[in-house]
Amino acid sequence: MSQKKHIKDYTGPAAGWGALKSVTKSWLGSENGFRNLRAMLKTNQNSGFDCPGCAWGESPENDMVKFCENGAKAVNWEATGRLVDPDFFAKYSVSELAKQTDYWLEYQGRLTHPMRYDAATDHYVETSWDEAFALTASHLRGLDSPDQADFYTSGRASNEAAFLYQLFVRAFGTNNFPDCSNMCHEASGIGMADTIGVGKGTVVFEDLALADAIFVIGQNPGTNHPRMLEPLREAVKRGAQVVCFNPLKERGLERFQHPQHPLEMLGNDSEPTSTAYFRPALGGDMAVMRGIAKFLLAWEREAQQKGEPPVFDHDFIKAHTTGLEQYLAEVDATRWEHIVEQSGLSRSEIELAARMYRRAERVVMCWAMGLTQHRHSVPTIQEVVNLQLLRGNIGKPGAGLSPVRGHSNVQGDRTMGINEQPPESLLNALEARFNVKVPRGHGHNVVQAIKAMEEKRTKVFIGLGGNFAQATPDTPRTHRALGNCELTVQISTKLNRSHLVTGREALILPCLGRTEVDMQSTGPQGVTVEDTFSMVHLSHGQLSPCSLQLRSEPAIIAGIARATLGRHPIDWEWAVADYRRIRDLIADTIPGFGHFNEKLDQPGGFYLGNAAAERKWHTPGGKACFTASTLPGQLVNEAVLASGEKPDLILQTLRSHDQYNTTLYGLDDRYRGVFGLREVIFVNEEDIRRLGFEPGEKVDLVSLWEDGQERRVSGFMLVAYDIPPGQAAAYYPETNPLVPLESYGDRTFTPTSKFVAVRLEKARAGNRIPSSPV
Ligand SMILES: Nc1nc2c(c(=O)[nH]1)N[C@H]1C(S)=C(S)[C@@H](COP(=O)(O)OP(=O)(O)OC[C@H]3O[C@@H](n4cnc5c(=O)[nH]c(N)nc54)[C@H](O)[C@@H]3O)O[C@H]1N2
Ligand SMILES: Nc1nc2c(c(=O)[nH]1)N[C@H]1C(S)=C(S)[C@@H](COP(=O)(O)OP(=O)(O)OC[C@H]3O[C@@H](n4cnc5c(=O)[nH]c(N)nc54)[C@H](O)[C@@H]3O)O[C@H]1N2
Ligand SMILES: [Mo]
């Protein structure tokens, strides 16, 4: 697995031969080539399994190959031939494993047996499923209160697993459901639920083919949602506009850029005819959207004066919205200097974007982590909603809001009730159906769960998938917090750092992956997932499991539940014997899932529906709401200012092309020209010199915060990069030690992973765990 480290410009297009080469490499690396070819051809097909890659939806057309380079890597990664079995754990102590890189850990292969941590020898030792369930149950039952346990969920869990999990946890007595959504699209859910009454996207796949313009804001689909490039490409071909907002020139999006500089297009008085790429400041998108609104308002007034057709959709606004006046007053009150300074764009660039927006009859707005991982993410997303409301761009074909989800079933998990702030209606439905009392108070989100572990209020941590220790902020502190637990339980497919950051006792429970056949007593089972377009469909594993010891996620949850609660409130084994039974329970309790099993007979699955997409507004006033938020005075946090230091740079943490969140498939980031290493920081060359360094030099990054704790990562290579001045970018999760636990979004508690104030220092040698082999 060693490779040569180098940095060079990438000149090829996105996808294409580079992608094929990269897939082949990971294919051969998985040591399971032919088996995996079979798996690939079943990816996202009607009788096959749902790609465990991202939450992008499918074209309804059949008989197409429906996987992408990064989906192929995800499938290969799961279907590896390497095994992490009891011999492996006998060979390495936990302290020895802890010295290895994250990349090395996951590379070791699939977990095969339930394992228990033995503190006396510092080794994991084989245990039986029954012993593992009994140990978990005895810890849970021994707590003073059910609120002393936290139940994490990562977004790969199927609907069936998630539903059983929340039923068990609520029957046990807590709403402590920290989940990966807390770190991901939380702001999208809150921002949209407030304003349009649903927390999900209003767009379906077909809308992309009807849109006159698609805005892609703070998202890197070339790497993270490669199947989205196809509809974008089609859009450009038929003359629609693709308008990107991203401080980095992401390769997968760049191809949609107009060959000329956007400003030149304004030169002749005609409307722009093609696509554009805008490079705002980190966190500057709310100001950009406000600026667009300011232009629209000016043009609307002008049109009224001249008696020309209006710019706003007055019929829509009148029939469907409230709060226009207050919002427009706020738009008027926002000064241009403030907008320009905060957005990082010039007024004429914003004017171009506004013209492109106005020119399109139907606009889809897509976004991802570039919008959601900031302190003011909720008002930013609400500013996107405001714009769309002004022109009636919600609830008509070819238009709408599309927060593009990450994990393949993260949206479904929320639908199933993985939510620390559950809606009353869900709790009522559970109580009525299962004759059980469920807790009503709010539970912990991710940040609160870490705090609770830090303060020893949480004593048991259970993770349904994911890699809690690495995905979360403030890494050394979070690791200490996990270490405070009495018991940590990880339900996982592969070895990762969360298995090595143990509580006093710890369990690894190995589960089947999405690609594997899930055999229960009544026969092979399918599970369901919901994509970003609210389509629900079945997924059937195809490969034989990598170990006979593996259990499915629903079976593991049922085992823990049975040992903890007996047959209360359901007979867990009965439910798991046939997943159609679980789906009947879902049908009884979750809106939109009536006749669930019957609906799944349709090939391609079924659409859950979205009230806002039909212009039905489930808000308190029954209408869609404009939100009149003031632009933040400044983007830098008070706690950073209180440190008394001016940041050298503002850092965003992002994904390379060879990773899936904390899982590293390789050490290359092809489109950004980085090969064989991950400890790099992308900085503008002028900034590098201004700060007294040279490109290629190694630096330490130290983040600024008022609490006086030092947060540092060491030995990052400075890469001179085409990035706006004052900004930096580096990979997650290596940079998570820099994100203070207290630096999170207002209302969302999402760590501000795209806005970290840092200082650069000359590299210090230190004890560190590099991600790249040294
Ligand atoms: N192959 C692969 N696929 C994935 C994942 C993966 O790790 N690997 N992860 C999955 C998950 S869970 C998720 S949530 C998604 C994530 O998908 P993305 O959101 O695309 O992921 P990030 O790498 O975090 O990229 C954020 C993008 O936003 C830009 N950006 C950062 N800050 C700002 C800002 O303030 N304003 C604007 N306008 N842009 C900004 C960055 O330059 C970058 O292009 O992908 C999913 N799919
Ligand atoms: N600094 C910074 N931090 C971030 C982000 C960022 O952009 N910057 N992004 C945030 C986002 S958007 C997200 S979604 C989170 C992701 O947080 P998580 O979802 O917790 O992390 P993953 O890396 O996706 O989890 C990988 C692990 O999941 C397990 N796994 C894989 N498949 C399965 C399966 O089918 N079943 C089970 N039970 N386990 C499985 C494997 O053991 C693997 O090691 O990270 C967040 N953290
Ligand atoms: Mo995510």
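Sequential numbering from 1 along the given sequence is applied to the chain's residues. Atoms considered below: every heavy atom in the structure, side chains included; atoms not considered: hydrogens, waters and symmetry mates. When a ligand or atom number is given, it counts from 1 through the structure's own listing order. Everything quoted here is computed from the prediction, not taken from an experiment.
Applying the side chain to side chain contact (heavy atoms under 4.5 Å, CB included) test between M369 and each of H374, Q652, H185 identifies H185 as the sole match. Partner of S753 under the side chain to side chain contact (heavy atoms under 4.5 Å, CB included) criterion, out of T372, L651, T653, L654: T653 alone.
Residue-ligand proximity, Y152 to ligand 2, at heavy-atom distances under 4.0 Å covers atoms 17 (O), 18 (P), 19 (O), 20 (O). Those atoms of ligand 2 with a heavy atom of N496 less than 4.0 angstrom away are 27 (C), 42 (O), 43 (C), 44 (O). Short contacts between ligand 2 and C511, defined as distances under 4.0 Å to a heavy atom of the residue, involve ligand atoms 36 (N), 37 (C), 38 (N). Of all the atoms in ligand 2, the ones that sit under 4.0 Å from a non-hydrogen atom of G465 are 37 (C), 38 (N), 39 (N).
The distance criterion of under 3.5 Å between nitrogen or oxygen atoms is met by I491 with respect to ligand 2. The N/O atoms of R514, backbone and side chain alike, include none that comes under 3.5 Å of an N/O atom in ligand 2. Between E106 and ligand 2, at least one pair of N/O atoms sits closer than 3.5 Å. For a threshold of 3.5 Å applied to N or O pairs, the pair formed by K494 and ligand 2 contains at least one separation below that value.
Between I292 and L387, some side-chain heavy-atom pair lies under the 4.5 Å cut-off.
Pocket lining of ligand 1, defined as residues with a non-hydrogen atom under 4.0 Å away: C54, N70, C184, G218, Q219, N220, T223, N224, H225, F245, N246, P247, L248, E250, P280, L282, G283, D285, A368, M369, G370, H374, G406, H407, Q652, L654, R655, Q659, Y660, N661, K754.
Residue T493 places a heavy atom under 4.0 Å from ligand 2.
S154 and H407 are linked by a side-chain donor-acceptor pair at a separation below 3.5 angstrom, with hydrogens and angles left out of the test.
By the 30° and 60° cut-offs, the orientation of the rings of F749 relative to Y744 is parallel. Using the six-membered ring where Trp is involved, F245 and F278 have ring planes that are parallel, under 30° apart on the 30 and 60° scheme. Classification of the F533-W56 ring pair by plane angle, with boundaries at 30° and 60°, yields perpendicular.
You'll find the ring centres of F215 and Y357 inside the 6.0 Å limit.
For the pair R156 and Y660, the cation sits on the ring face: its NZ or CZ lies under 6.0 Å from the ring centre, inside 45° of the axis.
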Assess the residue pair T136 and L507 against the criterion (side chain to side chain contact (heavy atoms under 4.5 Å, CB included)); give the C-alpha distance rounded to whole Å, side-chain angles, the decisive distance to 0.1 Å, and a yes or no.
CA-CA 9 Å; T136 310; L507 289 168; 3.3 Å; yes
